[in-house]
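Encoded as structure tokens, the structure appears first; notes follow it.
The sequence lines fix the lettering, A, B, ..., with proteins before strands; numbering per chain opens at 1.
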Amino acid sequence: MIVGSTKEDVSLEKRVALTPDSAKNIIGLGLKICIEKDYATHIGIKDEEFQKVGVDIKSSSKEILSSCNLLIKVNCPLENEITNLKDKTIIIGMLNPSLNKKKLNEILKKDIKIFSLELLPRITRAQSMDVLSSQSNLAGYRAVIDSIFEYEKAIPMMMTAAGTVPAAKVLVIGAGVAGLQAIATAKRLGAIVSATDVRSASKEQVESLGGKFLSVEQAEDMETSGGYAKEVSKDYKKKQAELMKQALIKNDIVICTALIPGKPAPRILTEELVKLMKPGSIIYDLAAEQGGNSAFSEAGKINFVEGVKIIGVKNLMNRLPLTASSLYSKNLFSFIRNLYSREKKDFNLNLEDEIINKTMIKEN
Amino acid sequence: MIVGSTKEDVSLEKRVALTPDSAKNIIGLGLKICIEKDYATHIGIKDEEFQKVGVDIKSSSKEILSSCNLLIKVNCPLENEITNLKDKTIIIGMLNPSLNKKKLNEILKKDIKIFSLELLPRITRAQSMDVLSSQSNLAGYRAVIDSIFEYEKAIPMMMTAAGTVPAAKVLVIGAGVAGLQAIATAKRLGAIVSATDVRSASKEQVESLGGKFLSVEQAEDMETSGGYAKEVSKDYKKKQAELMKQALIKNDIVICTALIPGKPAPRILTEELVKLMKPGSIIYDLAAEQGGNSAFSEAGKINFVEGVKIIGVKNLMNRLPLTASSLYSKNLFSFIRNLYSREKKDFNLNLEDEIINKTMIKEN
Amino acid sequence: MEIDPFIFRLSIFILSIFIGYYVVWSVTPSLHTPLMSVTNAISSVIIVGAIIAALAGKTEAIFNSSSIFGFLAIILAAVNIFGGFLVTQRMLQMYKKKKDKK
Amino acid sequence: MEIDPFIFRLSIFILSIFIGYYVVWSVTPSLHTPLMSVTNAISSVIIVGAIIAALAGKTEAIFNSSSIFGFLAIILAAVNIFGGFLVTQRMLQMYKKKKDKK
Amino acid sequence: MLSANLSAIFYLISGILFILALRGLSSPDTSRQGNYFGITGMVIAIIVTFLSVGNFSTSLIYVLIFLLIGGAIGAFIAFKIPMTAMPELVAGFHSLVGLAAVFVAISAFLSPEIFNLGVTGDIKLASLIEMSIGAAVGAITFSGSIIAFLKLRGIMSGAPITFFGQHYLNLLLGLGVFALIFYLCISQLGSIFWILIAISFLIGVLLIIPIGGADMPVVISMLNSYSGWAAAGIGFTLENSALIITGALVGSSGAILSYIMCKAMNRSFFSVILGGFGADSSKQKTEDKKEKPVKSGNAEDAAFLMKNASSVIIVPGYGMAVAQAQHALREMVDKLKKNEIKVSYAIHPVAGRMPGHMNVLLAEANVPYDEVFELEDINNDFANADVAFVIGANDVTNPVAKTDPQSPIFGMPVLDVEKCKSVLFVKRSLSPGYAGIDNELFYKENTLMLFADAKKMTEDIVKNLE
Amino acid sequence: MLSANLSAIFYLISGILFILALRGLSSPDTSRQGNYFGITGMVIAIIVTFLSVGNFSTSLIYVLIFLLIGGAIGAFIAFKIPMTAMPELVAGFHSLVGLAAVFVAISAFLSPEIFNLGVTGDIKLASLIEMSIGAAVGAITFSGSIIAFLKLRGIMSGAPITFFGQHYLNLLLGLGVFALIFYLCISQLGSIFWILIAISFLIGVLLIIPIGGADMPVVISMLNSYSGWAAAGIGFTLENSALIITGALVGSSGAILSYIMCKAMNRSFFSVILGGFGADSSKQKTEDKKEKPVKSGNAEDAAFLMKNASSVIIVPGYGMAVAQAQHALREMVDKLKKNEIKVSYAIHPVAGRMPGHMNVLLAEANVPYDEVFELEDINNDFANADVAFVIGANDVTNPVAKTDPQSPIFGMPVLDVEKCKSVLFVKRSLSPGYAGIDNELFYKENTLMLFADAKKMTEDIVKNLE
Ligand SMILES: NC(=O)c1ccc[n+]([C@@H]2O[C@H](COP(=O)([O-])OP(=O)(O)OC[C@H]3O[C@@H](n4cnc5c(N)ncnc54)[C@H](OP(=O)(O)O)[C@@H]3O)[C@@H](O)[C@H]2O)c1
Ligand SMILES: NC(=O)c1ccc[n+]([C@@H]2O[C@H](COP(=O)([O-])OP(=O)(O)OC[C@H]3O[C@@H](n4cnc5c(N)ncnc54)[C@H](OP(=O)(O)O)[C@@H]3O)[C@@H](O)[C@H]2O)c1
Ligand SMILES: NC(=O)c1ccc[n+]([C@@H]2O[C@H](COP(=O)([O-])OP(=O)(O)OC[C@H]3O[C@@H](n4cnc5c(N)ncnc54)[C@H](O)[C@@H]3O)[C@@H](O)[C@H]2O)c1
Ligand SMILES: NC(=O)c1ccc[n+]([C@@H]2O[C@H](COP(=O)([O-])OP(=O)(O)OC[C@H]3O[C@@H](n4cnc5c(N)ncnc54)[C@H](O)[C@@H]3O)[C@@H](O)[C@H]2O)c1
């Protein structure tokens, strides 16, 4: 069985699906691997490093697509790749099924099975394959680094001979995986961190990282059984806006991470709220690609509104391609290990397995 | 007595010499202040804020230069300003006398006294005016933020379901004010920090921040009585290079801050040494403007050498203009307070005072 | 003006109570179990009474009604003495071994 | 087969030594000074001997050679009793006031 | 034959040796020495008794024979008994002391002449009182210890047995004992003496049956105390200061020990001692426990275990983060390392609630990176470590992930903490973690639960590590 | 007149009350109660003595008069003496007890009949030994206490006085005492008794003069112990169990206390007690001190001071950073706050070696920002605070910056820590800080130096804050 991987569109995506480390692991399962030439040179991994662990380097993507049984990708395969795909291939990646519906349907027309890892059920056994966790975690970290980079003052409190630099105040909206890591990172740098979320379990979690939790009073718990958030009521929204009003006046940096799976991101910072912030403040919207938690936020753009910098994030992982690839690639390995049966020496698409069943994309 | 301040060349310098806070303090001494229109709007401080504390806003720089008794600046006055300067004015700023020799000599031709704050003696009483300290401190902080921004991996150790992200290793060369703050900041973010310096006192200081000190064996102490470093011997350099060799192979980020007052910055990382580093590593050279501690470093440029990013810093304070201005402005206030005599209602150029004497620029 | 020995005994009794009180407070809790077993072993000094009871009778009738009780008491107390001290020793040995291993 | 009272006294003496030993270990160090002053006050129970010495003589000669020493001893011990307890009280009062202030 | 004075001095010496024996227990280092003191004291007491009785007739041989028989039995039991059966063993031994006291008292009652207590039918008043108290207390100790033994051994149910009017019955019987003693003094009648003993046996049973299994350690210590008082009573009768000193010592130390234990367990001393009063709460307790027994300890136990370990592995989890116990933990580890104990941290990939959660906190507490290991790197080390200190972690140690395919966490790699010689679990209760499932490790033989807030407990352990 | 038995019981009771008195001191809460126990015990002992002597003649009146005279003097002294003179007061009081013991012994020697010890010239052997030991120890206590008193009062130099052969002389005199007692027993000669007392006085003097002022607290406690032994000796003579119990109690507790104090001060118990041996080290000590006296304390003192404060201001400096004491400090503050003590941190702008140095470390230890104040905001609060806890800071507190224009740090704003009621300085020595100048605060009346590594000391304080 051959696992193949082709280059991504490097202008849009710097991550790679395979690192030498996990290549080694996959080969350890008894599989063969071939990848395209210069597969990861753009992030400093030379082809020789892959070869050292036993990976075949092919000069063109066509060669790979025509020979491999399993294609692993970061994003959806490119148009020209799809045409070259042979029947019975399996594809695994973060394929963003809602966005790439058409493309995927096209692929499904061939006898191809597609697994998109965003769809993983959040069960304990799937944790090691959970790409959302691994990538959101980095996103939370990077969000803080980026916003601090953009921020024109120093973050930590410093009492010096030339006066005191007050500590910056950071507000994190949404305390999921990304939000928690953002809290931790900002806290480390010495910021005064507060956070809010609709799920009541998150209060303890925020406090476990030394952050302050701002809770919307008398609110029901908005957690679904899957651990995700539900959409909130009007009344809740009003109360939350009131809370945000108080908070935004005080805070210097706001990091937005609130998401509701399968829905557009909740709009939490309205135009008026944004304008309440001090000039020089920063809103860093990790949810921008899903519609944004903040007014004025546009994916891939920085907008200035009355001195407030609103940063809409796009392709954030391109800022940490090495770490992100390494984690993603380990996630992929775990998924493949679950899929591949060493005895049968074949992939075992056991639809009884929740993990395999839920991630598989069915035509629609 | 009127204190005036004109705008800097905003394209080169974002800091301002006066913030509303210290304007208030200066006015409190019994002085008047006038500044140019839109003096600090580029960093989000509106003219109204100045007016609120009693500052006069003038529409042109000429008006100010012709009326003020004391001109405070960040950098050396611009050409056109010099022509407008009237006699008996006093100028205070960070005038970089070695670089701006010609300009300053020109000014001195008029009956003008110039004080350059870089020349402050490092005595206890002068600590509150010490611009080198206040700005280096921020430089050290920002150096870390910038290099982490450029670094394509995550800094802190994270043991996650998708594998372990190892902590980044940061090496700080030169543990003066900037170096120590760099150590502290990198440490905060979870990096494994080591540092080296020629002054033996700095070992304890590095360790007091939780960093590891790499000492060049059997080295004499290179500290001058003023607390600065001396130039080192050949033998020392060899030993240091050996030490660096070991260190560079391991470290991911190197932050260079080594300086010797009045001399070009010591060249510590030679070309061979730089090439030893892993691809993806970062060298952040704070000494670039003084010639650089590292080979391949050029002020204001990012050079790539075998996968290593060498960042030569220029005008770093433009990245933190607000905090930097606020500290600089407080330094200036302290200096003015020492210079101005409330009883005489005049500036008292008492040359017995070490602070006043040493900072004054004499023609040469 | 002799003082009744009973009063001395009473004094001794009361002072011993104080000592018992203090002794226990200064024992580390992790040694409470051995402590219990040692005090148990010690309390079998009752054997002193048992021996007197068994021996003090006339020589002719070794096993008269009262000395029989004495002999029985000796057995009981002896079980306790040997058992108690040995078990304590075993327990304490356990603590020691852990120490030495390092 | 009477036991010499001396032996009882010896027992009492030895047991009291143990109690003294334990009592002190359980005193918090910050109270060591009051402890010293209390033990000092207590040790003037020697007054018991002084009173016996002073009083036990014949009624006719109140101040015979031995009772004079008794009387002197009474004064000394009395100074110590009153002084000792009162000073301790003062010290302890100080501790209390600080506590109450909060 | 030893003079009365000389033997009195020797008895005093043996009493002092007993004091030193208990003193030795104050620290593990001197504890064995203490035991030797105790043995020496006992040997002296026995020899002096031989010598002072001075009756070197055939009966002496019998005495020696009986002594050896008893000794052999005792030694046999001591070597054979498993360490885990300690509590019941001690309870069983107590019963022997109690019975011995009863026997000696009976013997004295039957032949007062040989003890110099007067003659049958005209025993000295004081002695009579003393011996009846000795006999009564001894009897209570005997029957009480037997019940405790049966309960601990599991032969009798550990559940408290209560019935209506229990307290009144006890009260009545107690008063009855006093009345009997009084009547005995007046009448000197043997039958009353026997009745007294019988009633005391009954009281012993009644006192212990309403006490639940959880309170047994306290009861044992209390019975210990009783046996001491019985010995002291006999000591007064026999005018023997070794018995008086030791009896008082054992009596008061036992009482204090039960008090200390009650305090540590947060139970009211009186309700435990007075038996029945403990009934309600212990009933409730057993219900809480879901029937499965857990061993729960305190900071001192934990400190002791770790101090005597040569390697300790720390397993932090979400609870450490909630309690913000990282600084205290670091301090604890510093203390351990000062004792030359090897300490490492085992970080499970999903410990906490965010990737790298533990790393953030440990870094904040300045834990050196080279002491922190990920699961794969350390999982084999558990088997060789002495103690696993699991602080606020739960799911990540749950072996059900390896064994039960039905479990929601099946398939997750877990830290093999159970392979350590001892496992300490710091958490506030037996409640489950994130995954909501019970952790069978809590009930394992080599697990000690430390129920408390993680920070509080760690700080307490630090204190006890001095 | 009280029967011997009854009075023996009462004496026993008073002895027990004395035990309870000392026990009360184990915690500040019960300490006053303890004192009352002591007073009660004393009252009982005195009354029982009156009653048992039963001589209600005129002499009783004299006794009462003398008692009151002594009492009045004692009370007067107790009220007048300043609290700082405590140590010399205790020393002075000891001398009285010692002398009283000597007097009682003399009285017994002169009229043994009244104490039932035989007749003059034929005193019972045991009693004679007992009374001579009592007298000798009493005499040593007396003269020793007087020397200690003089040294503490400053009337005599605190420096140790040593001369060649001192130890041999002491040894000789000690042996002489035993020889004399032996000879006295044989001869029953009065003159020997007097010589014995005289030599004992001399021994007392010789024992204490070689001991330096720093070791005086230990000496006082040791003298306390001596006075106890003297009382016990007399007790044996008078066959009085109150005296025996109390004497033994005081004797052993005093000895243990001096041992504990030696350990706390890191001095060898024996070298202090045997006098001369302590000489060398104390000499050296005084040289170290640069002539200016500093008060140096330990963690217990610091904990006590802070526990009883209502507000504490922490002043961290470079030394805290060097010692990496921030975590321990945070813990200490947590403990204080639990006691409802207000705690704030005062950060000097140039504390440490880099701008914001302290902030980095405090943030690492998770100190909330709102407890951290800059100089201008907190400088006025020192006057109202009870304790300033200066940890590893030096220059930033140096008042010379305000007063001496010649000083290199003149003009720098400094933290006004000296305005606090007490100032605690945690540093390792008296050496200066960065600026290289001495800090006069170290020698101030309200300063207590805590010489140790900052982390170590803070951890110790934490322990003592329990
Ligand atoms: N790492 C991630 O990214 C991530 C994200 C989401 C979910 N998870 C899940 O979270 C779990 C992590 O496992 P874990 O072992 O770290 O945590 P856990 O299984 O949730 O157990 C934490 C334990 O800590 C105890 N605890 C809570 N507060 C405490 C306090 N103040 N003091 C002492 N103990 C306290 C609780 O018991 P008491 O209540 O009895 O005290 C609880 O059983 C896994 O199931 C994982 O799948 C992980
Ligand atoms: N903040 C800045 O930017 C900066 C930069 C350069 C210089 N400075 C200067 O540094 C000084 C700062 O004042 P400061 O009060 O913080 O420090 P300091 O005056 O230098 O005093 C620090 C004290 O800490 C003690 N110490 C050192 N290690 C210790 C340890 N492990 N445990 C306990 N104590 C320890 C030392 O006394 P022992 O040796 O007796 O223990 C020393 O006296 C000022 O003079 C300032 O001008 C500041
Ligand atoms: N079982 C597992 O092993 C596992 C693994 C990873 C994450 N999780 C859990 O999954 C949950 C969601 O994590 P995620 O980061 O993927 O979530 P997410 O990215 O979907 O959302 C981010 C956060 O935004 C919050 N949010 C949504 N609407 C909001 C609003 N209107 N206002 C404020 N906050 C709002 C959500 O509650 C969530 O915390 C968490 O509880 C996490 O612990 C579990
Ligand atoms: N008196 C005061 O109040 C005061 C105020 C601020 C700073 N200082 C002291 O002044 C000193 C210098 O501080 P700075 O930051 O301005 O110095 P700097 O900027 O001149 O130099 C930075 C560091 O580089 C080091 N360096 C020089 N050559 C080197 C080489 N070849 N290799 C390695 N390191 C080399 C220097 O020792 C110095 O630590 C420090 O000791 C600082 O504590 C004192």
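Under the 4.5 Å side-chain criterion, counting only non-hydrogen atoms from C-beta, Phe18(C) is in contact with Leu20(F).
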- Message: Quick one, Asn5(F) with Phe6(C), criterion side-chain contact (heavy atoms from CB on, under 4.5 Å). Give me CA distance, side-chain angles, the key distance, then yes/no.
- Response: CA-CA 9 Å; Asn5(F) 281 343; Phe6(C) 174 76; over 6 Å; no
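Between the side chains of Tyr22(C) and Arg23(F), no donor N or O sits under 3.5 Å from an acceptor N or O.
Atom OG of Ser11(C) and atom CD1 of Ile16(F) lie 7.5 Å apart (nearest 0.5 Å). Within the model, atoms OH of Tyr11(F) and CD1 of Ile7(C) stand 13.0 Å from one another, a figure rounded to the nearest 0.5 Å. Between the CG atom in Leu249(F) and the CG atom in Leu15(C) there is a gap of 9.5 Å [rounded to 0.5 Å].
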